[in-house]
Structure formats: structure tokens, C-alpha cells
Amino acid sequence: MKITDYISNRTPLPVRVLQFGEGNFLRAFVDWIIHRMNQQLHFNGGVSVVQPIAQGMTDILDAQEGLYTLYLNGIKNGQAVSEHEVIDCIQRTVNPYKDGQAYLSEAENPDLRFIFSNTTEAGIAFSAEDRLTDTPPASFPGKLTALLYHRYRHFAGAADKGIIIIPCELIEKNGDTLRDILLKIATHWNLEPGFSQWLKAANYFCNTLVDRIVPGYPRNRIAEIHAELGYEDTLVVEGEQFHLWVIEGPAQAQAEFPADKAGLNVLFTDDLTPYRTRKVRILNGAHTVMVPVAYLYGEEAVRQTVEHPILGKYVRETLFEEIIPTLDLPAAELAQFAEDVIDRFRNPYIHHLLLSISLNSVSKFKTRVLPSLLTYVARQGNLPRRLVFSLAALVIFYRGRTGEVIIPLNDSPEYLDFFALVWGEWETTGDTQLLAEKVLKLTLAWEKDLSEIPGLTELLGEYISSIMTKGIETAGKESEIF
């Protein structure tokens, strides 16, 4: 039996949402939220999905009439939970590469009120190659400009026919950036000034922060899942239980898209900067801090690390004693977010390898951990020892081997060349303090000379030397890090 046989007497929904992207994340996050709003709030919102690139999945969605099964797996209320449901809010799809007119016709829908997108971080970019006459323009902003221009002309610039646009791409100020690119395209295409005025006055571009791990299609377990479900579904998608959506926009957006009223972890704010900082420093920062320490200790995955009696304590103390004190949101809110992060790391349904997180660890340390280190020094007047210990482990990690084991480093060539050079010099001199000083003076990576921070060179050199001579477990215990 197919999923379309399993679901019968489906009630059609008016299409109020146009969605650019049919991939795993949007289906496990945005469409699930709309589905919940339809259930809890009678939102009555159907979704039309636009295929954003030439090779896509709209044909598969069409074959299943927009239906698919979502599994949410993870820690919920302190317990490991796996649950599933059929998501039914997708009403139709459109492939602009096959039917450009059908795509533009979506702009003529008087019920259309929202546009969501997830076209990857590279998707929100200006392309001078796009033309209004292209069917379709290649870039996502080009496609969106053509669509909104068609709507502007179809409804004669009516103010009430603007759209609430909520991008989910993982770039800072994604809504503002998308709006500015559309205005640039309008100028580049020599569109009448009234269109740009309508874009700014009648449309809302919201900045967002999205957070949910979505492993995607469970290829290795699909036969087992089909047996459990009792029907076939080629679009099964898996996500974690945790979800967070922070939307920075006008009150109008919250009034019309009241996801926060459906028992969902959706926050509306006039400034999402503190929430972005919280996520980067706590969630991403904890990942970056744990990787070199846990790897040198002999662990290989996130879950095993946080459940380890020594390493788990190290991660928790780093979060609560050295990262959270650098943030400005309410203490209880920060503590709860950190507990949620630890639960997410403990998720028994996700096997997250440390090496997969180690990609570009130098730049990750700079953006995710260094701000915590610098803020801690500024506020406390001393060094955050666990963060410095992590940096020492990272320096050793970038030696490229631990004992006889080769570490598969994956980073920019300039960083790999630098560490190969300084470790080569260390092999000759054995001068760990000089090694630490050169690492801290790498302004290419840190954008400042970190050796100017009082005591940092000495402490980093001490930790590197201790780990190299005694091993990370003994070094951590003797330094009272563990």
C-alpha cells in the first residue's frame, strides 16, 4: 500500500504559503510547523512548493500528492522518544524549469500571504546574469523578483497584496540581505520605481534563526520503517525532537503567523542577535570545544563524549562556567538552552562523529569559541582555563597525528600549511612556548594578535606541553580541567 492509499478523504487547504525548496529541512521544520498550526489553531494554510533548481523532487512529491511521513527522534521530557505522523499541508508543486507560466501564476493567487525558502547559504546571492525574460532566472533572488514583479503588476501595486517573506537560509540578516538583493535586481533590470517602492512598503522581509538537526531520509532503515508504517513512502524524513525558530519582524508577521500560539518553540523578537549569539556560542561552541579534547581522549562521537564521566563533566562545566557567563540573555533561559543542547547531544538516534564536526575547525574556533574567551577575559579579569585547554588540544589535533594514528585534517590550505610549518619547527626546537606564541599571533585566523592577552601564551604553552608529554587525561586531571 502507498501513502496515498493510506490517507483518504483529505480536505483541500487554500494555498497561503509559497515555499522555495522541497528538501528535508523545510519538510521536517517549516511544513511540520504549518501542519501543527493547521491542527492546533485552524490556520487553514496550504503550501505550494517551488522547485528551486533544475534537478529536484517535485515529481516525487506529486506522485505522493504532497504527503510524507515525518519521524521525530530524540530526548523529549527527559526520555528517548521516536514518534511519527503524516504531514499533509503541501497542496501542489510547481517546477519553473518545466512550466514558467505556471510558476508566475502562483503570484496571481489572492490567498498567498507567506513565502518561505531554504536554498542553502549560497542561494541568497546577486547574479548579474539573471534576466526578467529568463524562464526562469537561475538564482533564487532572480526567481523571487520575477514572481513579485508579476504580482505587483497583476494586482496593480495593491498594498494589501504584499507578502510576508521568511527565509530560512543560515546567513546573518537573511531577510534584510534578500530584500537588498531584490532591490538591486529591480534596478539592474530597469523595473519601474513603483515596484521598488511596493517591495519596501507592502512586503515584510523577516530575519530568522532556525535550529533543528534533520538527518533526512533513513535509507538504511527504510524497509523496517515501511513495515512499521504499513505503507510505502519514498519521502520519509527524520528530524530531532528539538526545534527553535526565532523570527525578527514586525508585529504583523506574528499576528498573521502565530506559530508561538500552537505550543511550538517559535519566538518573535525585534532583535534576534542575542539568540544567534546564544546558539553559536552554546550549541556550536560546545561542539567545537569538545572535538579536539574528546578525539585526543579516544572518543569518536558526540553522544559518547557527553555521556563519558570525565568528558561529559568537562563539556558541562565549560558551558555553565565559561560560556554562559559571557552571554546577556536571562540566566534561567541560558541554562535551559544549555540543558536542551546537552539532551540533543545525548540523542540516541543520531550518531554524530567528532571528525565530521572537525571540518574547518580553525575558523569555527574563531567564530564560535574565541568571542567567549575574549568576553570572559574582559568580564572576569582572568583566563577561561577550559577554553584555553580546548585550544591547546586543537593545536595538537592540527599536528595531524596522535601517536601512530593519522588525523584526517580538513581545513583551508593556508591553515594546514601553517600548522605543518610550526609543528615542523617544534620537532627541531622542542620549544612549546614559541609554538604557542606563533599560533596566537596567527592574525590570518584570529584577526588580532592573541599573544597580547596577558598570560595566554604561557598558559597555552603549558597545556600543550602537558598534553604532549603526559597525555590528555593526565594533563586534564593535573591541571584541574577534568
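This is a predicted model, so every value here is computed, not measured.
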Residues Leu182, Asn203; criterion side-chain contact (heavy atoms from CB on, under 4.5 Å); working and verdict: CA-CA 12 Å; Leu182 263 60; Asn203 298 269; over 6 Å; no
Chi angles and distances behind the side-chain contact (heavy atoms from CB on, under 4.5 Å) call for Asn265, Phe242: CA-CA 9 Å; Asn265 194 18; Phe242 179 88; 4.2 Å; yes
Residues Phe482, Phe389; criterion ring-ring contact (aromatic ring centres under 6.0 Å, His included); working and verdict: CA-CA 10 Å; Phe482 296 155; Phe389 190 81; 5.7 Å; yes
Take Phe345 and His287 through the test ring-ring contact (aromatic ring centres under 6.0 Å, His included) and record every step on the way to the result. CA-CA 9 Å; Phe345 290 168; His287 266 156; 4.7 Å; yes
Can Asp211 and Arg278 be said to form a salt bridge (charged side-chain N to carboxylate O under 4.0 Å, His left out), step by step? CA-CA 12 Å; Asp211 192 4; Arg278 180 184 71 175; over 6 Å; no
Salt bridge (charged side-chain N to carboxylate O under 4.0 Å, His left out) between Arg221 and Glu228, worked out: CA-CA 11 Å; Arg221 299 193 306 113; Glu228 177 186 11; 5.7 Å; no
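Closest non-hydrogen pair, Pro218 versus Glu238, comes out as CB-OE1, 3.3 Å. Contact between His188 and Ala128 at its shortest, heavy atoms only, is NE2-O, 3.2 Å. Contact detail for Pro258 and Ala255: the closest heavy-atom pair is CD-O, 3.9 Å. Heavy-atom minimum distance, Phe25 versus Cys168: CE2-CB, 4.5 Å.
Heavy-atom contacts from other residues, nucleotides or ligands closer than 6.0 Å to OH of Tyr6 number 12 or fewer. Within 6.0 Å of CZ in Arg379 there are more than 12 heavy atoms belonging to other residues, nucleotides or ligands.
With hydrogens and angles left out, the side-chain atoms of Ser117 and Glu169 include a donor and acceptor closer than 3.5 Å. In this model, no donor atom of one side chain and acceptor atom of the other lie less than 3.5 Å apart for Asn410 and Ser358. Between the side chains of Asp233 and His226, no donor-acceptor pair is found at a separation under 3.5 Å. Counting only N and O atoms by type, the side chains of Gln64 and Thr234 include a donor and acceptor under 3.5 Å apart. Side-chain atoms of Asn207 and Asp176 form a donor-acceptor pair, as typed in the model, at a separation below 3.5 Å. With hydrogens and angles left out, the side-chain atoms of Gln304 and His308 include no donor and acceptor closer than 3.5 Å. Under the 3.5 Å distance criterion, with hydrogens and angles disregarded, no donor-acceptor pair is assigned to the side chains of Tyr204 and Glu256. In the model, His150 has a side-chain atom that pairs as donor or acceptor with a side-chain atom of Glu108 under 3.5 Å.
Proximity of a side-chain donor or acceptor of Lys2 to a complementary backbone N or O of Tyr231 within less than 3.5 Å is not detected. Of the possible polar contacts, one joining the Thr367 side chain to the Ser363 backbone as a donor-acceptor pair under 3.5 Å is found. Without hydrogens or angle criteria, Lys364 side chain to Asn284 main chain gives no donor-acceptor distance under 3.5 Å. Side-chain atoms of Arg212 come within 3.5 Å of backbone atoms of Gln241 as a donor-acceptor pair (strictly under, hydrogens ignored). Side-chain N or O atoms of Arg27 include one that pairs as donor or acceptor with a backbone N or O of Glu22 at under 3.5 Å. Here the side chain of Asn38 pairs a donor or acceptor atom with the backbone of Gly45 at under 3.5 angstrom.
Put simply, CZ on Arg113 and CD1 on Ile164 are 4.5 Å apart, with the number rounded to the nearest 0.5 Å. Distance check: Leu18 CG to Asn109 CG gives 9.0 Å after rounding to the nearest 0.5 Å. The CD atom of Gln19 lies 7.5 Å from the SG atom of Cys89; values are rounded to the nearest 0.5 Å. Taking CG from Leu327 and CZ from Arg281, the interatomic distance works out to 5.5 Å, rounded to the nearest 0.5 Å. The OH atom of Tyr295 sits 9.5 Å away from the CD atom of Glu300 when rounded to the nearest 0.5 Å.
In this structure, Phe43 and Phe257 have perpendicular ring planes: the angle between them is above 60°, well past the 30° mark. The aromatic rings of Phe195 and Tyr149 lie perpendicular to each other, with more than 60° between the two planes, well past the 30° mark.
Between Ile350 and Pro215 the shortest side-chain heavy-atom distance falls below 4.5 Å. Looking at heavy atoms from C-beta onward, Lys261 lies in side-chain contact with Gln254 at the 4.5 angstrom threshold.
Screening Ile324, Leu319, Thr326 against Leu334 for a side chain to side chain contact (heavy atoms under 4.5 Å, CB included) leaves a single residue, Ile324.
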